[in-house]
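I have placed the structure first, in the form of structure tokens, so that the comments after it can refer back to it.
Chain letters run A, B, ... following the sequence lines, proteins first, then strands; residues in each count from 1. The structure displayed is predicted, hence computed values, not measured ones.
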Amino acid sequence: MESGMISVDKWSYGSQAYFLTHLHADHTAGLSSTWNRGPLFCSRLTAKLFPCKFPSFNLFLLRVLDIGSWFSLSFTSPSSGSPTTIYVKAIDAQHCPGSVMYLFRGDFGCMLFTGDFRWEVTGSGVENRRAMLLDALKNETLDTLHLDNTYCNPKYSFPSREVAAREVVDIISSHPKHDVVIAIDSLGKEDLLLHISRELDIKIWVWPERLQIMHLLGFHEHFTTQTSLTRVRAVPRYSFSIETLEALNTIRPTIGIMPSGLPWATEQNGNPFSSSEYIFVVPYSDHSCFSEIQEFIELLRPIKIKGIVSSSSCCIDPCYYFDHLCGTQQAIWRIQAKIENDEGVDTSVEAAEIKSSAAKETKEEEESSTVVGRKRRRILDQVDFFGIRVSRVSLLRRLCRGGVRLADTE
DNA sequence: GCGATCAGAT
DNA sequence: CACATCTGATCGC
């Protein structure tokens, strides 16, 4: 987790800098308004929301990392005591407002902390996000992926949030005389509420603290704290239960909507909601489903994966399902594929060939023997490797030998 | 009496 | 299975 210098979503002593992925309570456990253990890095939006959670926090400790830009930070190596530099880039995590992943490069290699994230593979901006991520990695192996493995099991399958949001609107539309309560947390699922508000042209009630958050996010026009103005209310998830819904229904007809990736609706027992006629569970999730996690890992080809959600069993252990996508060879194949892609070669056709690296090198030698091939190579043969320009061939050979940097550093 | 931490409920 | 959050009990100062 830490290299002795940095901590991500961990707040105990012993780090020179601390990184917060997003403002949900399970990632801020240990933080308080009196916390003062070092500089705290976060996204600009998280910094804006921060005082709501920690009103008297010393804001001089906050450091904003703008999304998509590299920052260099100077540290003291805990082992040698000598100065060292770490590079960090924040990447949109698509989980809740302000949420980011952190990509680190340093003496320890290359590490990505996803925090909580959703990696939807349909909808607008998908290609752009994919390209941004690969570009951030450059032509380096990803040594360790710290992964949001919340739903890392094939049994977790759900649609995009866009599809789930339409399902929610359909449920509300088909109950025109009912009041509606929707379970949400202190942050997140704003897009769902905005979709409902726009599609049905209604305001949505939220509790006062939540309206303050909506104000900071710039969404306040769609929300109100006056119950008389709307039949749709967003309520804290912990206050949402069968008992609540039954009590509400003694006053007026009310349905409840629980947006969640957890497959409660299909469970037989132990599920308080499946037996309720009032409650609709809709698969709207701010975490990646299994197939999205798989896409993410296939894209990154990390050498090693660590799940950020610990589990007593292997049921959500990423190594159990994706070990075959990890390791040094897999990491090298990704880099080769990217280099080919940057050269304009159709990698989809070559995907199978790439897996035979020996044959690949031979083919490249042939290709470079043409006049055009030689010219192109002179420019593209140089690749950026841990900040050093090295020749592509030498890089690939070093990687194939299992070069120094590829050894596990943790 | 306050803050931190944890079990339990929702 | 396990989300994010609140409440209440307990511990140490």
Side-chain angles (χ1 to χ4, degrees), chain A residues 9-13 20-37 46 49 52-58 93-99 114-118 147-158 161 164 181-190 192-193 206-210 213 234-248 256-276 278-279 281-290 292-293 307-318 320-321:
Chain A
D9 294 347
K10 303 274 182 190
W11 311 104
S12 45
Y13 281 112
L20 174 63
T21 61
H22 65 288
L23 271 171
H24 278 159
D26 53 333
H27 289 254
T28 58
L31 263 184
S32 69
S33 288
T34 59
W35 188 90
N36 64 348
R37 291 174 187 177
T46 293
L49 300 169
C52 288
K53 278 264 187 179
F54 305 104
S56 54
F57 192 89
N58 177 8
Q94 306 279 321
H95 172 69
C96 71
S99 67
T114 66
D116 288 349
F117 83 120
R118 178 116 199 221
L147 176 77
D148 172 15
N149 57 320
T150 302
Y151 294 129
C152 191
N153 184 301
K155 70 182 173 185
Y156 295 124
S157 174
F158 39 76
R161 285 173 289 198
V181 292
I182 305 168
I184 61 166
D185 295 313
S186 64
L187 189 64
K189 301 196 165 71
E190 290 77 12
L192 169 62
L193 301 180
V206 289
W207 62 101
E209 295 82 359
R210 200 59 162 91
I213 298 285
V235 302
R237 192 168 58 181
Y238 62 85
S239 71
F240 185 100
S241 67
I242 276 190
E243 288 71 29
T244 317
L245 261 294
E246 283 175 352
L248 286 170
I257 293 172
M258 167 63 76
S260 172
L262 288 172
W264 286 337
T266 56
E267 286 287 308
Q268 277 92 24
N269 48 0
N271 175 5
F273 293 151
S274 62
S275 54
S276 173
Y278 307 120
I279 294 180
V281 179
V282 180
Y284 188 103
S285 172
D286 285 327
H287 295 272
S288 300
C289 66
F290 182 78
E292 290 166 355
I293 293 172
I308 63 171
V309 179
S310 62
S311 174
S312 52
S313 67
C314 69
C315 72
I316 56 162
D317 183 355
Y320 182 82
Y321 298 102

[X] [atom1] to [N] [atom2]: how many Å, rounded?
| X | N | atom1 | atom2 | result |
| --- | --- | --- | --- | --- |
| A/N153 | C/dC1 | CG | P | 13 Å |
| A/F54 | B/dA4 | CZ | C1' | 13 Å |
| A/F158 | C/dC1 | CZ | P | 18 Å |
| A/D148 | C/dC3 | CG | C1' | 11 Å |
| A/D286 | C/dC3 | CG | C1' | 10 Å |
| A/M258 | C/dC3 | CE | C1' | 9 Å |

Under 4.0 Å between any heavy atoms, over every strand shown, what does A/S32 touch: base, sugar-phosphate, or nothing? Just pick one.
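The answer is sugar-phosphate, as A/S32 gets under 4.0 Å only of primed atoms, P, OP1 or OP2.
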
Would you say the side-chain atoms of [X] pair up with the backbone N or O of [Y], donor to acceptor, closer than 3.5 Å?
| X | Y | value |
| --- | --- | --- |
| A/D148 | A/F117 | yes |
| A/W207 | A/P236 | no |
| A/N149 | A/I316 | yes |
| A/T21 | A/D9 | no |

Before giving the answer on side chain to side chain donor-acceptor pair (under 3.5 Å), spell out for A/H27 and A/D116 the whole-Å C-alpha distance, their side-chain angles and the decisive distance to 0.1 Å.
CA-CA 9 Å; A/H27 289 254; A/D116 288 349; 3.1 Å; yes

A/R161/A/D286 salt bridge by N-O under 4.0 Å criterion:
yes

Once you round to the nearest 0.5 Å, how far does CE of A/M258 lie from CZ of A/F240?
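The distance works out to 5.0 Å.
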
Please lay out, stage by stage, how A/N153 and A/Y320 fare under the test side chain to side chain donor-acceptor pair (under 3.5 Å).
CA-CA 9 Å; A/N153 184 301; A/Y320 182 82; over 6 Å; no

Could you run down nucleotides 4-13 of chain C 5' to 3' and tag each one B, S or - for protein heavy-atom contact under 4.0 Å?
BBS-------

Write out the stems for DNA chain B, ordered by first number and formatted as range with range, counting runs of at least 3 consecutive Watson-Crick or G-U wobble pairs under 3.5 Å.
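Counting only runs of 3 or more consecutive pairs, the stems involving DNA chain B are B:1-10 with C:4-13.
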
